[in-house]
Structure formats: C-alpha cells, structure tokens
Amino acid sequence: MSAGSGTPFRGTVGKTVAESKPWWPQAPRPPEGAPNILIVLFDDVGFSDFGCYGSSIKTPAIDRLAAEGLRYSGFHTTAMCSTTRAALLTGRNHHSVGVGCLANFDSGYPGYRGKIAREAGTLAEMLRVHGYRNYMVGKWHVTPLTESGATGPFDGWPLGRGFDRFYGFLDAETDQYAPELVSDNTHIDPPGTYADGYHLTEDLIDQSIRFIGDHVADRPDIPWLTWVALGACHAPHQAPADIIRSYDAAFAHGWDVEREQRLARQRAMGLVPAATRMPARNDGVKAWEEHTADERRVFTRLQAAFAGMLDHSDRHLARLVAFLETAGIRDNTVIIVMSDNGASQEGGPLGFVNAMGPFNFKPEPIAEKLARIDDIGGPDTHSNFPHGWAMASNTPLRRYKQNTHGGGIRDPFVINWPKKIAGKGELRHQFVHACDLTPTLLELIGIEAPPTIAGCRQMPLEGESFARSITDASAPSKSSPQYFEMFGHRGLWQAGWKAVAFHPPGTPFENDRWELFHLDQDFSETNDLATKEPERLGRMIATWWEEAEKHNVLPLDDRFGPRFAENAARFHGARHHFVFHHGMGHVPTDVAPDVRSRSYTIEAHVEIDEAGANGVLIAHGDATSGYSLYVKDGHLVHDLNIGGSHQVVHSNRKVPSGARRLGVRVERLLRKEPPAKGSRTGVTEYTLLIDGEPAGTLQTQLGFHTLISWSGLDIGRDRGSPVSHYEAPFEFEGRLLRVTVTMHNDQKLDGDAVGNAQMRGSRGETSRYLILS
C-alpha cells in the first residue's frame with residue numbers, strides 16, 4: 001500500500017512505526033516544574049557594596065530582587081576569582097577539583113593544576129543529564145590561560161564543561177570597551193567600539209537575553225541555566241563618564257565616614273548584629289584626612305569609577321530581569337546575585353589611573369593622576385581604587401580579596417524565586433559556602449548528581465545543601481567544618497567559630513599567628529579569643545590540617561611571583577621562534593610571544609605596490625600598554641607603549657615598494673652590575689630594519705619588564721583599543737605574507753615582579769610596585 005493511503009506501513013516485524021520502540025536514545029527530561037536558573041556573578045564586589053547591603057551606590061535592580069527574595073549575611077567564598085568559580089560550578093572545594101589558586105598557573109600538584117578535574121562535573125554537566133540547556137556569558141577563568149589559544153585544548157572551556165553556548169572572556173579581566181571576546185570556541189572581534197557607545201556589560205546582558213529568548217522561542221517546555229559572570233567590578237573600572245561623575249559628591253567625605261555610614265545602615269537592616277564593632281583600619285591604610293587635598297580628589301574619582309561601574313551593571317541587569325517578566329518566565333526562575341570574593345586590595349595605597357605603567361617600572365605620581373582625573377573610567381585607562389576604598393567596600397570586615405579574614409571571603413548573596421520564596425525581604429544568617437551552591441540547586445530542582453559523566457566516575461559532592469534555609473529561617477548552618485586557604489593565608493569555620501591566620505609571604509608557616517573568633521557573637525572579627533581559649537584554637541588548627549590533607553591543599557606554597565614565572569617558562573619551553581601568517585585570528589596574550597625582559601627581533605614579509613601601503617604589521621596590547629610595528633605616511637614606525645607613554649621611533653627613510661622585510665630589533669643593553677631590587681633594569685635599544693638594514697634607532701629605560709598587556713596580539717591589524725597613534729583597526733593596505741618573532745636567550749624575569757603585575761600589585765600593603773604609584 002502506498003504512503004498516504006490510510007494504511008499504516010508495517011515493517012518485517014509486523015509493527016507500525018507508532019508501535020515500535022525507537023532505536024535512538026531518548027532525550028532526558030527534567031522533573032515536572034523544574035525551575036530555570038539565572039546566576040549573576042559579580043567580580044571583586046565587597047560585602048557592603050550593594051545598596052541592600054549598606055552602600056549608597058545605586059543598585060535598585062538588585063535591591064528589588066532582595067526585597068522580593070532573601071539576603072544571606074553568612075555566604076562565604078574562597079578569596080579569589082578562579083577558586084570561587086571552581087567551587088560554585090562543581091559543588092566541591094576548590095583544591096579538591098584542582099583549582100587551589102589561579103587558572104593562570106599550574107604548579108603540578110593535584111590541588112594546583114588551574115583546571116577543573118574531569119572527576120568534578122560542573123553544574124551544567126549535571127543539569128544536562130536531566131535535560132537542561134545551559135548558557136554561559138561573561139568571565140570564565142577556570143582553565144589555564146596557556147590553553148586559551150586557537151588550538152585549545154577546548155575540554156576546559158565552557159562548551160567542554162557542559163555549557164551549550166558561550167559568549168564572554170577566558171581571562172581574569174578584560175578591557176570593557178575593547179574586550180577579549182570568545183563566542184563558543186572562537187575568538188571574535190567586539191561588535192562595537194567606545195566611539196560607538198559600546199560597553200562589555202551591555203553586550204553581555206544583550207547576549208544573555210538573546211540566549212534565553214532563543215531558548216523560549218525554540219523549546220519553552222524545558223528549563224535552562226544561564227550563568228552571567230560580569231567583568232564588573234574587577235579592574236579596570238570603566239563606565240560612562242556621566243555615571244562616574246555623579247558619584248563624586250557621594251564619596252567626597254572619604255572612606256572613614258563611608259565605613260561608619262555603611263555599618264549604621266547594616267545595623268538598621270538587621271544584616272549585622274547591633275553590637276557589631278568597626279575594626280581598626282587595615283594595615284597601611286591612613287586616615288582620610290591625613291591625605292592631601294589632591295590625593296583625596298583623585299581617590300574620590302577612583303571610587304566613583306568603581307561605583308559607576310556597579311551602578312551601570314545594575315541598570316543593565318534590570319533589563320534582563322524585565323525581559324524575564326515580559327517573557328512570562330520570571331515566576332519559575334531562580335535568580336541568584338552574588339560576588340566571587342571581597343573587594344580588591346590590588347589598587348595599592350594610592351590607586352591607579354593606568355596600572356600598566358607602574359607594573360613596568362613607570363611611576364604614576366599623584367600630579368600625573370590628577371592631570372588625568374577626567375580620563376578615569378575611559379578607554380585609555382586601567383584604573384583601580386586605593387586600599388582605603390576597598391576597605392570600605394568590605395565594611396565591617398577586615399582585610400581584602402586574597403585574604404582569609406572576612407573581608408576576603410564573606411560576600412553578598414541574594415536569592416529570588418517568586419514561585420517558592422514566601423518570606424520576601426527576609427534575612428538569612430546561616431553560614432554557607434560557595435561549594436554549597438550546586439548541592440542546593442540540585443535539591444531545589446529535585447535531582448541528584450550523576451555518578452558518572454561522559455564515562456568518568458565522579459568524586460562525591462563536598463558541599464552541603466542549604467535549600468532548607470530558603471523556607472526555614474531557623475535551619476542550621478553547615479554541619480561540617482569549612483577550611484580556607486589562599487597564598488598561605490589560612491582559616492577554618494566550625495560550628496560558629498573561626499580560626500584564621502594571616503601569612504606574611506616568605507616567612508615560615510609555623511611562625512603564623514592564629515586568631516580565634518566566635519563569629520556568632522563577633523561578626524567583624526574584632527575580639528580575638530586565642531589566648532582565652534587556647535585548647536579550642538588548638539583543636540581547630542588540628543582540624544584545619546586534617547581538612548587540608550583531605551582536600552589536596554598540601555603542600556602549602558606561598559611562592560607568589562615564582563609560580564607565574566615558572567609557568568611562563570614551562571609553557572614556552574625552548575620555543576624561541578614564532579611564525580604568524582596573514583589571515584590568522586587573534587592570539588591571546590598568554591600564548592603570544594613572551595617578549596618581557598629580553599631581546600628579540602620581529603620581521604614582517606610584505607609586498608608593496610608603487611602607491612605605497614600603510615597599516616599595522618603586528619600589534620600586541622591596547623591603548624594602556626603594548627607594542628605596535630606599522631607603516632604610516634610611508635615610514636616604518638615602532639611604538640613601545642608603557643602605561644600610555646609612547647616611545648616611538650620612525651624610520652629615517654621611506655619604505656620602498658616591492659617585496660620587503662620590515663622589522664625591529666630589540667636589544668637589552670644590561671648594566672654590568674645588577675640593578676637594585678625594584679629598580680629599572682638598564683637601557684633597551686629599538687632598531688628599525690628595512691630589508692635587514694638599520695633604519696632608525698631609539699634607546700629607552702622603559703620596557704616590558706613584567707607585563708605586556710591583558711589584550712592579545714593581531715597580525716595585519718590592531719583590532720581593538722589602538723596601541724599607537726592611529727585609528728583602529730588600521731589594517732595593512734599592502735600584501736602581508738607573514739610575520740616572524742625570534743626571541744633571544746637573555747630573558748631574566750623577576751618572578752615577584754611578574755606576580756605583582758599579574759595580580760595588580762597585590763602582595764600586601766607594602767608592595768614595592770605600589771610604591772611606584
């Protein structure tokens with residue numbers, strides 16, 4: 001019988017298609033009524049920075065979510081970005097899954113690989129098994145940056161860890177006007193420029209709306225996870241100028257008054273106990289009034305840039321929440337807003353307008369900062385606020401990001417779920433940890449973590465669900481002890497008590513002084529009970545060592561800079577020659593040629609017709625720092641941009657037409673005697689080359705001693721914020737065949753300097769690189 005005759009087709013087994021069991025695997029289905037999940041993760045936002053946590057910064061979208069949901073006062077992170085992300089994503093402790101510290105280096109030990117182990121499935125991988133679609137937007141930073149290039153490997157990128165779509169950046173930070181963007185597994189150009197009004201936060205929210213909108217149009221019957229990890233408020237602090245300047249008056253009173261005002265609001269809210277005491281200023285932070293009028297003016301604008309960035313982000317978060325309402329899916333969407341660690345000490349005692357100069361030994365005195373005050377937050381700045389404002393962000397907690405005192409690990413956490421949360425606007429004071437989030441979400445959905453993922457047996461979840469506390473304010477805190485460790489700083493929470501040790505780098509761990517606090521009665525860690533309860537402290541220290549052994553924290557390693565330097569040397573190894581062909585894509589900075597503190601030669605093979613050709617041959621970096629070799633007005637030009645200071649050499653003759661080799665030879669002319677620690681390392685000579693012959697020379701003390709740029713490298717164009725004096729992308733007009741980079745064997749990296757540059761000078765209050773500012 002022919003098709004369409006009304007008689008069902010029967011196969012050889014005598015069953016109709018409708019009667020047959022399909023041979024293909026059935027798609028998994030989530031539990032009935034399973035919610036959508038929207039996680040909004042801020043970066044370097046302190047405990048008190050949201051309006052609903054005591055700040056005067058305008059965050060009405062977040063405040064509304066809190067007023068209609070819950071705020072937690074006892075949410076704890078891991079003191080750093082990569083590590084908190086690893087704990088949040090996996091439901092395990094960060095050392096246990098191999099991300100004991102940053103994704104920027106791999107120490108070789110199981111707890112310090114910089115990449116989430118396959119045995120530790122992510123929330124996205126767990127939800128995929130149950131039919132969820134998973135979307136990741138924004139900052140990733142949990143795979144080694146040496147694996148961020150065009151060849152991957154991609155198994156540690158978002159699409160390799162359970163997400164179906166990705167739009168964002170892989171590194172710790174990026175310029176908000178000219179970001180290092182990846183779409184799925186491909187590096188792409190930003191879709192706009194500063195001149196067009198482009199800003200990364202707006203773009204990330206646009207992409208979030210698109211992913212969810214596409215999902216609703218295609219499969220409204222299945223739930224989704226959308227993970228939005230904003231660049232805000234990690235440095236560089238960049239936002240529209242009008243928003244930034246609107247905060248000048250709000251913060252002119254300084255950080256001492258600001259702290260008191262925030263604590264007063266927190267007490268009034270019930271966020272902290274009424275008896276909470278304000279800690280003394282952190283080490284190295286002076287009273288606001290002890291600073292000069294010029295310093296106070298600059299510091300106020302730097303804080304305004306931070307506030308403006310948060311305000312700007314909240315405005316765009318409001319668009320995302322409004323879209324959920326318009327789409328009719330807000331009611332059954334769990335929305336979580338939080339930060340990954342406390343506010344950052346990485347701006348040093350005086351802050352930065354452009355941090356890239358000081359980290360390459362170019363000072364940024366207050367007079368220079370003041371002259372550039374109106375540039376702060378713009379496209380040619382890489383600003384960060386000083387310690388005092390970070391201290392205010394963390395009110396009423398001690399210390400900062402990287403530290404295991406409260407200022408580093410206690411953070412805001414807002415949860416909103418209209419369908420389930422009845423006690424709207426309530427507070428929750430339970431102790432919870434980042435590794436508890438995934439178990440909590442699994443319980444809310446009604447599913448369990450799979451025993452295997454992609455054939456790999458999974459390690460047990462280590463976090464504990466706090467789902468009960470969402471509906472029961474009297475629910476107990478976490479039952480098991482929770483350890484903390486970062487750069488040798490240590491801590492342990494157990495049953496309302498906390499033992500904590502600040503570790504001065506380079507000193508014996510046995511010399512660390514442990515403090516003891518009863519957090520249930522001492523929110524701000526101001527009453528040290530170590531001498532009154534030595535037995536309790538001793539038991540807690542012993543428990544810390546047990547937990548450390550259990551979770552791959554050992555061996556303790558407080559080497560900071562050397563880990564960065566060793567990782568760079570191990571990755572590049574003996575490779576000293578790079579060939580870049582025209583037509584290739586963008587090269588992230590961590591896989592580009594490492595030209596720091598060494599001699600090297602760059603040569604471009606080109607063909608130029610009689611009319612001549614202008615444009616970029618090779619450019620690495622952006623307007624705040626980098627280098628560019630290009631042809632302009634017929635002359636070969638090299639620009640060494642250190643913190644916005646341009647050391648430019650032009651060729652002494654025009655470039656002839658025809659097949660040419662255009663290059664630059666960089667030679668370090670080192671002193672016979674080694675320089676003092678922290679001083680400049682001699683003179684570097686830049687010689688332009690046309691067909692191998694010298695065509696112009698420049699000598700300068702400036703150079704890439706520790707850091708080239710957070711922005712990557714391009715061939716034949718400068719795709720983003722321009723390194724030199726031209727309008728990007730300034731594509732080369734001739735025929736560019738290839739560019740070679742040959743690095744000489746004289747590299748001498750100062751590991752401490754490299755580490756401080758990577759971490760924005762944050763080894764503590766007395767970093768010598770911060771003093772340069």
Side-chain angles (χ1 to χ4, degrees), residues 42 44-64 66-67 71-73 233 237 239 243-282 285-291 293 295-314 339 342-345 347 349 351 385-401 405-408 410-414 425 427 429 522-526:
F42 280 87
D44 289 3
V45 169
F47 179 78
S48 72
D49 278 326
F50 295 160
C52 54
Y53 276 77
S55 174
S56 60
I57 300 172
K58 298 180 179 68
T59 57
I62 299 171
D63 298 348
R64 177 190 168 196
R71 282 169 295 163
Y72 280 72
S73 69
C233 285
H237 296 155
I243 300 178
I244 291 175
R245 294 179 190 181
S246 72
Y247 281 99
D248 280 350
F251 295 114
H253 54 228
W255 48 65
D256 293 319
V257 172
E258 183 68 18
R259 290 176 84 201
E260 294 295 342
Q261 291 182 351
R262 292 192 185 197
L263 179 55
R265 295 188 195 107
Q266 291 170 337
R267 288 171 177 149
M269 293 173 180
L271 189 67
V272 304
T276 299
R277 295 191 299 178
M278 180 70 77
R281 295 184 199 92
N282 291 330
V285 178
K286 297 196 298 186
W288 179 255
E289 294 303 324
E290 292 181 22
H291 287 282
E295 288 174 334
R296 294 197 300 267
R297 186 179 170 202
V298 170
F299 298 166
T300 299
R301 180 61 61 83
L302 290 172
Q303 165 66 5
F306 173 89
M309 194 178 196
L310 180 55
D311 179 327
H312 178 250
S313 299
D314 184 84
S339 178
S344 168
Q345 60 181 296
F385 58 13
H387 284 164
W389 284 119
M391 177 183 66
S393 286
N394 295 332
T395 301
L397 306 168
R398 295 169 58 197
R399 300 195 184 274
Y400 318 92
K401 169 187 174 182
H405 283 77
R410 199 162 190 161
D411 290 284
F413 182 95
V414 173
L427 293 163
H429 301 295
D522 182 16
F523 189 97
S524 54
E525 301 175 9
T526 58

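By convention here, the first residue in the shown sequence is residue 1.
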Any donor-acceptor pair under 3.5 Å from D248 side chain to A304 backbone: no
Nearest-0.5 Å distance, CH2 of residue W255 to CH2 of residue W288: 5.5 Å
Expected output: side-chain N394 to main-chain G342 donor-acceptor under 3.5 Å: no
Heavy-atom closest contact (L271 atom, S73 atom, distance): O-CB, 3.5 Å
Reference residue F413; test ring-ring contact (aromatic ring centres under 6.0 Å, His included); the match among Y72, F50, F42: Y72
Test item: L263 and Q266 side chains (from C-beta on) under 4.5 Å apart, heavy atoms: yes
Minimum heavy-atom distance T395-M278, with the two atoms named: CG2-CE, 4.1 Å
Side chain to side chain contact (heavy atoms under 4.5 Å, CB included) partners of A287, counting only residues at least two apart: D256, R281, E290
Validation row, ring centre H237 to ring centre W389 under 6.0 Å: no
Side chain to side chain contact (heavy atoms under 4.5 Å, CB included) partners for A307, two or more places apart: I57, Y247, F251
Contacts of D522 that satisfy side chain to side chain contact (heavy atoms under 4.5 Å, CB included) - sequence neighbours left out: F517, S524, T526, N527
Distance-minimising heavy-atom pair for R267 and P273: CG-O, 4.0 Å
Heavy-atom pair of closest approach, residues Q345 and K401: NE2-O, 2.9 Å
Under 3.5 Å side-chain donor-acceptor pair for H405 and E525: no
Which atom of R262 lies closest to which atom of S55, heavy atoms considered: NH2-OG, 3.5 Å
Sub-6.0 Å ring centroid separation between Y53 and F47: yes
Whether D49 side chain and G46 backbone form a donor-acceptor pair below 3.5 Å: yes
